[in-house]
Number of protein chains: 2
Amino acid sequence: MLGSVVEDYLKGIYKLQQEHGRVPTSAVAQRVGVTDASATNMIKRLAELGLARHHPYRGVELTEAGEKVALEVIRHHRLIELYLKEALGYPWDQVDAEAERLEHHISEEFEDRIDAALGHPTVDPHGDPIPSKDGTVDDEYLPRLTDLQPGERAVIRRVSDRDAERLRYLAQLGLYPGVAVYLRERAPFNGPLFVRVGDTEHVLGHDLAATIGVEQRRDAEPAPAER
Amino acid sequence: MLGSVVEDYLKGIYKLQQEHGRVPTSAVAQRVGVTDASATNMIKRLAELGLARHHPYRGVELTEAGEKVALEVIRHHRLIELYLKEALGYPWDQVDAEAERLEHHISEEFEDRIDAALGHPTVDPHGDPIPSKDGTVDDEYLPRLTDLQPGERAVIRRVSDRDAERLRYLAQLGLYPGVAVYLRERAPFNGPLFVRVGDTEHVLGHDLAATIGVEQRRDAEPAPAER
DNA sequence: GGCTCTCTTTAGACGAGACTAAAGCTCGCC
DNA sequence: GGCGAGCTTTAGTCTCGTCTAAAGAGAGCC
Ligand SMILES: [Mn+2]
Ligand SMILES: [Mn+2]
Ligand SMILES: [Mn+2]
Ligand SMILES: [Mn+2]
């Protein structure tokens with residue numbers, strides 16, 4: 001068994017390298033919430049364990065083995081998040097903190113049972129894909145709300161779960177995965193977006209809108225809300 | 001926050017002192033699964049934290065503060081055990097191992113939600129009482145199956161959860177809390193007991209029967225006359 | 001080609017917990 | 001009342017993961 005600290009490093013490195021390939025030490029440190037020296041230290045340990053390759057002075061990348069562990073942890077995390085919401089009624093801005101700890105301490109048995117209880121789900125409450133048990137994820141890039149043109153319709157597919165405050169705000173506005181939206185207008189120079197949800201219109205700042213992944217709806221009639 | 005190791009020591013000491021008052025170092029060590037030296041070490045640390053009183057060469061006892069923590073952990077443990085069984089369908093011989101880890105990593109929020117989902121239960125799957133949130137337990141001594149006389153009836157109230165193997169055996173025999181039993185006969189000199197459950201009769205070794213807590217039923221129909 | 005700023009790594013230390021080996025108490029037994 | 005057996009405690013190490021301070025690499029700029 002690998003210790004929850006190691007698991008969190010692997011998860012952090014995995015997510016960072018999804019976006020930018022090889023990951024600088026300082027990025028790992030920042031992600032995990034630790035000094036650069038501590039990150040260097042752990043990176044060397046991961047390399048010794050065969051979980052990462054360390055390229056001194058130019059970052060880390062996970063090995064196959066490291067990625068596999070990272071995906072297992074992410075699977076745990078997202079299954080737990082969904083379970084907390086669906087089975088225990090957690091609000092979606094609280095599931096991440098709880099899952100962050102539990103992900104390291106559940107058994108395969110527990111994983112399998114909540115997976116079954118949820119009907120073998122494929123996405124978590126924020127729309128993040130749940131890796132399969134054999135370690136594959138379908139994590140393709142989604143267009144953002146900011147990629148839409150005025151007059152276009154879309155369905156929200158994914159929101160960032162990095163900030164509970166923001167999740168609470170989005171929930172208040174009714175902006176969850178599965179919800180159909182219509183972009184009425186957008187101000188120029190990365191200004192705010194005017195977005196309709198049902199029959200109310202919200203004004204969203206550009207940065208916030210850029211964190212919302214959507215699936216475009218080209219058909220004219222209003223897309224049926226999926227939830 | 002106290003670290004799961006400290007919590008397990010406190011829980012262990014609490015259970016030992018329930019039975020025998022002040023607890024010898026070696027008993028703590030054995031319970032926690034650690035050498036005597038390690039136990040001494042931790043006991044001193046607990047004393048410094050104000051959680052225990054160390055009487056060198058003559059054992060430990062918990063302070064009020066230590067007992068409070070122990071009871072919180074035990075509450076977590078037993079709620080989790082029951083939740084695993086009731087909500088996720090775990091067999092009762094597997095709940096202890098899972099709860100042993102999770103008990104240290106759930107939030108108060110989680111505790112409250114599973115408590116509510118279970119309808120504020122008072123006993124766990126093995127019949128052990130669940131401490132209340134304010135730190136009180138109703139843990140009175142129950143007579144054992146071995147305290148019954150031939151011809152007496154009783155209801156099983158509690159079994160020991162220390163051994164998964166034994167739990168599996170008891171489950172196979174249908175001997176759970178809540179089940180009514182009838183002691184037909186017992187062999188002398190701590191010999192086996194002949195116990196009826198429903199309309200089948202089982203032969204139980206004395207040691208096994210001594211781990212089963214029962215509530216006597218005096219109101220039942222008079223024992224078959226034996227003259 | 002060299003300087004300098006920034007990022008990264010090394011060095012040294014610390015706390016939590018564990019272990020082994022050795023020394024120190026207790027207590028029962030003679 | 002003294003001895004030895006068996007607990008218990010001390011002493012010294014180890015691993016994991018963290019930190020601060022100092023030293024080392026790299027890359028852009030002159
Ligand atoms: Mn985590
Ligand atoms: Mn998520
Ligand atoms: Mn435990
Ligand atoms: Mn139990």
Side-chain angles (χ1 to χ4, degrees), chain A residues 1-14 16-17 19-62 65-66 69-70 73 100-101 103-105, chain B residues 1-14 16-17 19-62 65-66 69-70 73 100-101 103-105:
Chain A
M1 195 56 189
L2 270 180
S4 53
V5 177
V6 170
E7 290 183 352
D8 276 336
Y9 272 95
L10 291 172
K11 193 175 64 162
I13 296 170
Y14 177 87
L16 290 166
Q17 84 182 1
E19 297 168 23
H20 312 99
R22 193 183 287 179
V23 184
T25 302
S26 55
V28 177
Q30 190 181 353
R31 178 98 191 184
V32 180
V34 107
T35 62
D36 290 2
S38 300
T40 299
N41 207 301
M42 177 57 82
I43 287 166
K44 286 167 68 177
R45 226 155 67 68
L46 294 178
E48 270 160 29
L49 291 168
L51 298 168
R53 273 179 293 275
H54 185 201
H55 307 280
Y57 291 99
R58 38 206 31 180
V60 222
E61 51 189 345
L62 298 185
V69 175
V73 178
E100 193 57 53
R101 275 169 291 113
E103 62 189 357
H104 313 290
H105 304 289
Chain B
M1 196 55 192
L2 271 181
S4 52
V5 177
V6 170
E7 290 183 353
D8 276 335
Y9 272 95
L10 291 171
K11 194 176 62 162
I13 296 169
Y14 178 86
L16 290 167
Q17 85 182 0
E19 296 167 24
H20 312 101
R22 193 182 288 179
V23 184
T25 301
S26 54
V28 176
Q30 189 181 355
R31 178 98 191 185
V32 179
V34 107
T35 62
D36 290 1
S38 300
T40 300
N41 208 301
M42 177 58 83
I43 287 166
K44 286 166 69 176
R45 224 153 70 65
L46 294 177
E48 270 161 29
L49 291 168
L51 298 168
R53 274 179 293 274
H54 185 201
H55 307 280
Y57 291 99
R58 40 206 31 180
V60 222
E61 52 189 345
L62 298 184
V69 174
V73 178
E100 193 56 54
R101 276 170 290 113
E103 62 189 357
H104 312 290
H105 304 289

Check your understanding: Whole-Å distance between dC16(D) P and H104(A) NE2?
Key -> 18 Å
**Study point:** dC19(C) OP1/OP2 closer than 4.0 Å to side-chain N/O of S38(B)
**Key:** yes
Point to revise | 5' precedence on DNA chain D between V6(A) and D36(A) (nearest-nucleotide basis) | key: V6(A)
Exercise for review: Take atom NZ of K44(A) and atom C1' of dT8(C), then tell me their distance rounded to the nearest Å.
Suggested key: 11 Å
Point to revise | Under 4.0 angstrom between T35(A) side-chain N/O and dT18(D) OP1 or OP2 | key: no
Practice item. Please check the phosphate of dC7(C) (OP1 and OP2 only) for any side-chain N or O of R58(A) closer than 4.0 Å. Key: no
Practice item. Can you figure out which of dT9(D), dT18(D), dC7(D) approaches the side chain of Y9(A) most closely? Key: dT18(D)
Point to revise | Listed nucleotide nearest any side-chain atom of A37(B), set dT10(D), dT10(C), dA18(C) | key: dT10(D)
Review point. Separation of I43(B) atom CD1 from dT8(D) atom C1', in whole Å?
Key: 9 Å
Study note, to complete from the structure: Rounded to whole Å, OH of Y57(A) lies from C1' of dA27(D) at a distance of 14 Å
Check your understanding: From the list dA18(C), dT9(D), dT10(C), which nucleotide is the closest neighbour of the side chain of T40(A)?
Key -> dT10(C)
Review point. Which nucleotide in the list dT8(D), dT9(D), dT9(C) gets nearest to the side chain of H54(B)?
Key: dT9(D)
Point to revise | Spacing between D8(B) atom CG and dA18(C) atom C1', to the nearest angstrom | key: 15 Å
Review point. Counting side-chain heavy atoms from CB outward, which of dT9(C), dT9(D), dC7(C) is closest to P56(A)?
Key: dT9(C)
Check your understanding: Side chain of E7(A), backbone of V73(A): donor and acceptor closer than 3.5 Å?
Key -> no
